[in-house]
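Notes to accompany the following structure.
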Amino acid sequence: MSLALQITDLSKTYDTNTVALRGVSLEVEQGAFFGLLGPNGAGKSTLIQIVTGLVNKSSGQVVVNGDDIDTNPSKAKTHVGVVPQEFNFPIFDRVYDIVLHQAGYYGIPLGKARENAETYIKELGLWDKRDEQARMLSGGMKRRLMIARALVHEPDILFLDEPTAGVDIEIRRSMWQFVRKINEEKNKTIILTTHYLEEAEALCRELAIIKDGRIIRQGTVKELLSRLERDSIILDLATELSSDVQNRLQAQGFEVRDGTTLYISFAREESSITAIIETLKEEGVTVSGVRNETNKLEELFVSLINEN
Ligand SMILES: Nc1ncnc2c1ncn2[C@@H]1O[C@H](COP(=O)(O)OP(=O)(O)OP(=O)(O)O)[C@@H](O)[C@H]1O
Ligand SMILES: [Mg+2]
C-alpha cells in the first residue's frame, strides 16, 4: 500500500517560542479515514497547516503522496485539499466565485474549473446559493462551501479540521455521509480532527491521539478501545434505596444519581460488573439494568489525556 502521508520527526516552534509539535511521526495509507484527536492546543491545526504549506515547519520531513514538501512544494500542494478550522473566505464574494477562484489558484484551466465548481457546489447542496455573497450563508452552509472549495482541484487527500464544530446534528450527519461517500466511492484519503469522540468513532478507522505536540497513542479504533482500562457504568435499580444503604454505597465509591440510579467507575483490573452487582446484592439491592455511562472512546481519551 502506498502512503498518502508520511511525517517523520516533525517539530514546530512558533516565533513566540511556543512549541507546537515535538517530533511527530505519522504514516497514513492511501484511502484511509484517519482521525487526529487531542485537546485544545495539542498541535493538530499546526500539523495540518504544515502539511498544506500554510505554516513552515522547524524540522522534520513531510511527504505527501510521494512528494516532499521541501523539494516539491507545489506538487505536494496539489495532492491536498483542506477545510480549515476557521472560516477564511472573502465574505463579500459570491459562493460560485469562491470555489472557482480556488481552482484558478491551482492552475486548472477555466473550462474545467467551471465544470468542477458546479459539480462540487451541487454535491454540497449549495447550487441554489451560488450567486449569494458568502456572508449570507448559515454556519453549516459556510462549512459546506469550504468543503466544495477544498475539493475543486480534485485532491487525493482531504484534511478536515474540526469540520462539524458548531454545526447542528442534522447537518453534521449529512456531512458525515458526504465525507464517507468520497472516502468509499472516490477513495479519497480523509484526515479529520475533531473534539467529538462520537464523530471519530463513527467515521474513522484509525486514530492518533496527540497531546502537547506528541503522539501519545496510535492505532485502529478497535485496538485503542481494547486497551481501555476503565469502565464506567450506570446501574438501574429495581427498588428505591434507603438512606442507610445510600450512605454505605457512597462510602464504597458509588455515586447515587437518584434513589434508583447508581453510577460507578472502576479499573478493570480491580473489579468487574459481576463483582459490583454481587456487592449490591449483599446490600439487598437488585439491579434491573446496566448501561454505559459514556461513549467508550471518550473514556479512553479522557484517561489517556490525564495519565500522560
Ligand atoms: N500562529 C501561531 N503563533 C504562535 N503560536 C501558535 C500559532 N498557532 C498556534 N499556536 C500555538 O501552538 C500550539 C498548538 O496550537 P494548534 O492550533 O496547533 O492546536 P490544536 O490542537 O489545533 O488546538 P484546537 O483543538 O484548540 O484547535 C498552541 O499552544 C497554540 O497556542
Ligand atoms: Mg485546531
Side-chain angles (χ1 to χ4, degrees), residues 5-28 33-62 64 69 73 76-77 80-89 139-140 142-147 149-150 157-167 172 175-176 179 189-204 206-219 221 224 294-295 297-308:
L5 181 63
Q6 187 172 25
I7 294 179
T8 316
D9 211 11
L10 180 64
S11 291
K12 171 68 183 177
T13 305
Y14 283 103
D15 295 340
T16 53
N17 287 331
T18 304
V19 184
L21 296 173
R22 305 164 196 265
V24 167
S25 295
L26 190 67
E27 290 191 345
V28 180
F33 204 128
F34 195 95
L36 205 53
L37 297 180
N40 288 135
K44 305 178 298 293
S45 296
T46 299
L47 184 148
I48 291 179
Q49 287 172 313
I50 290 171
V51 175
T52 53
L54 297 169
V55 164
N56 291 324
K57 60 185 165 58
S58 303
S59 62
Q61 195 192 28
V62 178
V64 186
I69 62 165
K77 272 183 203 159
V80 290
V82 62
V83 179
Q85 190 167 1
E86 315 282 346
F87 300 129
N88 67 345
F89 42 73
K142 286 181 181 139
R143 295 248 166 234
R144 285 186 276 146
L145 167 60
M146 294 206 295
I147 298 181
R149 185 187 60 176
I157 307 165
L158 183 63
F159 280 94
L160 296 153
D161 198 356
E162 298 191 37
T164 62
V167 167
R172 183 180 302 170
M175 285 174 61
W176 286 9
V179 288
T189 306
I190 310 284
I191 302 175
L192 168 107
T193 79
T194 182
H195 283 289
Y196 298 106
L197 293 145
E198 176 212 356
E199 178 162 282
E201 195 168 3
L203 290 174
C204 303
E206 266 182 278
L207 292 177
I209 298 179
I210 179 168
K211 191 196 169 194
D212 292 337
R214 286 193 186 90
I215 292 188
I216 55 172
R217 280 300 149 88
Q218 196 186 336
V221 172
L224 289 173
T294 45
N295 161 301
L297 197 56
E298 192 152 327
E299 283 174 44
L300 173 72
F301 184 72
V302 171
S303 70
L304 283 176
I305 294 303
N306 292 331
E307 92 191 19
N308 278 271

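Keep in mind that the numbers below use all heavy atoms, side chains included, and drop hydrogens, waters and symmetry copies. Counting starts at 1 for both ligands and their atoms, following the listed order.
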Has the side chain of [X] got a donor or acceptor atom that lies under 3.5 Å from a matching backbone atom of [Y]?
X	Y	result
Lys57	Gly60	yes
Lys44	Leu37	no
Ser58	Thr13	yes
Arg22	Ser11	no

Please report which non-hydrogen protein atom sits nearest to [atom], along with the residue it belongs to and the distance in Å to one decimal place.
atom	answer
atom 25 (O) of ligand 1	Lys44 NZ, 2.7 Å
atom 17 (O) of ligand 1	Ser45 CB, 3.7 Å
atom 10 (N) of ligand 1	Tyr14 CE1, 3.3 Å
atom 14 (C) of ligand 1	Gly41 O, 3.4 Å
atom 18 (O) of ligand 1	Thr46 OG1, 2.5 Å
atom 27 (O) of ligand 1	Gln85 NE2, 2.8 Å

[X]: numbered ligand 1 atoms lying under 4.0 Å from its heavy atoms:
X	result
Ala20	12 (O), 13 (C), 14 (C)
Thr16	4 (C), 5 (N)
Thr18	11 (C), 12 (O), 29 (O)
Ala42	19 (O), 20 (P), 21 (O)

For the atom pair [atom1] ([X]) and [atom2] ([Y]), what is the distance rounded to the nearest 0.5 Å?
X	Y	atom1	atom2	value
Glu162	Glu199	CD	CD	9.0 Å
Leu36	Leu47	CG	CG	6.0 Å
Ile190	Leu158	CD1	CG	4.5 Å

Ser45 N/O/S atom closer than 2.8 Å to the Mg ion (ligand 2):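 So Ser45 counts as coordinating the Mg ion (ligand 2), yes.
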Gln85 backbone or side-chain N/O/S under 2.8 Å from the Mg ion (ligand 2):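 Of the N, O and S atoms in Gln85, at least one lies under 2.8 Å from the Mg ion (ligand 2), which means yes.
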Intermediate values then yes/no, side chain to side chain contact (heavy atoms under 4.5 Å, CB included), Glu27 and Ile7: CA-CA 6 Å; Glu27 290 191 345; Ile7 294 179; over 6 Å; no
Contact with ligand 1 for Gln49, non-hydrogen, under 4.0 angstrom: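 Contact check Gln49 vs ligand 1: negative.
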Stepwise side chain to side chain contact (heavy atoms under 4.5 Å, CB included) check, Ile50 with Ile48: CA-CA 5 Å; Ile50 290 171; Ile48 291 179; over 6 Å; no
Candidate pair Ser25 and Asp9, rule side-chain hydrogen bond (donor to acceptor under 3.5 Å, both in side chains), full reasoning: CA-CA 5 Å; Ser25 295; Asp9 211 11; 5.1 Å; no
Nitrogen or oxygen of Gly38 less than 3.5 angstrom from that of ligand 1: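 So ligand 1 has no N or O lying under 3.5 Å from an N or O of Gly38.
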Within reach of ligand 1, part of Asn40 (heavy-atom separation under 4.0 Å):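 Both parts.
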Test item: protein heavy atom less than 4.0 Å from atom 22 (O) of ligand 1: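 When distances to the protein are checked, atom 22 (O) of ligand 1 has a heavy atom within 4.0 Å.
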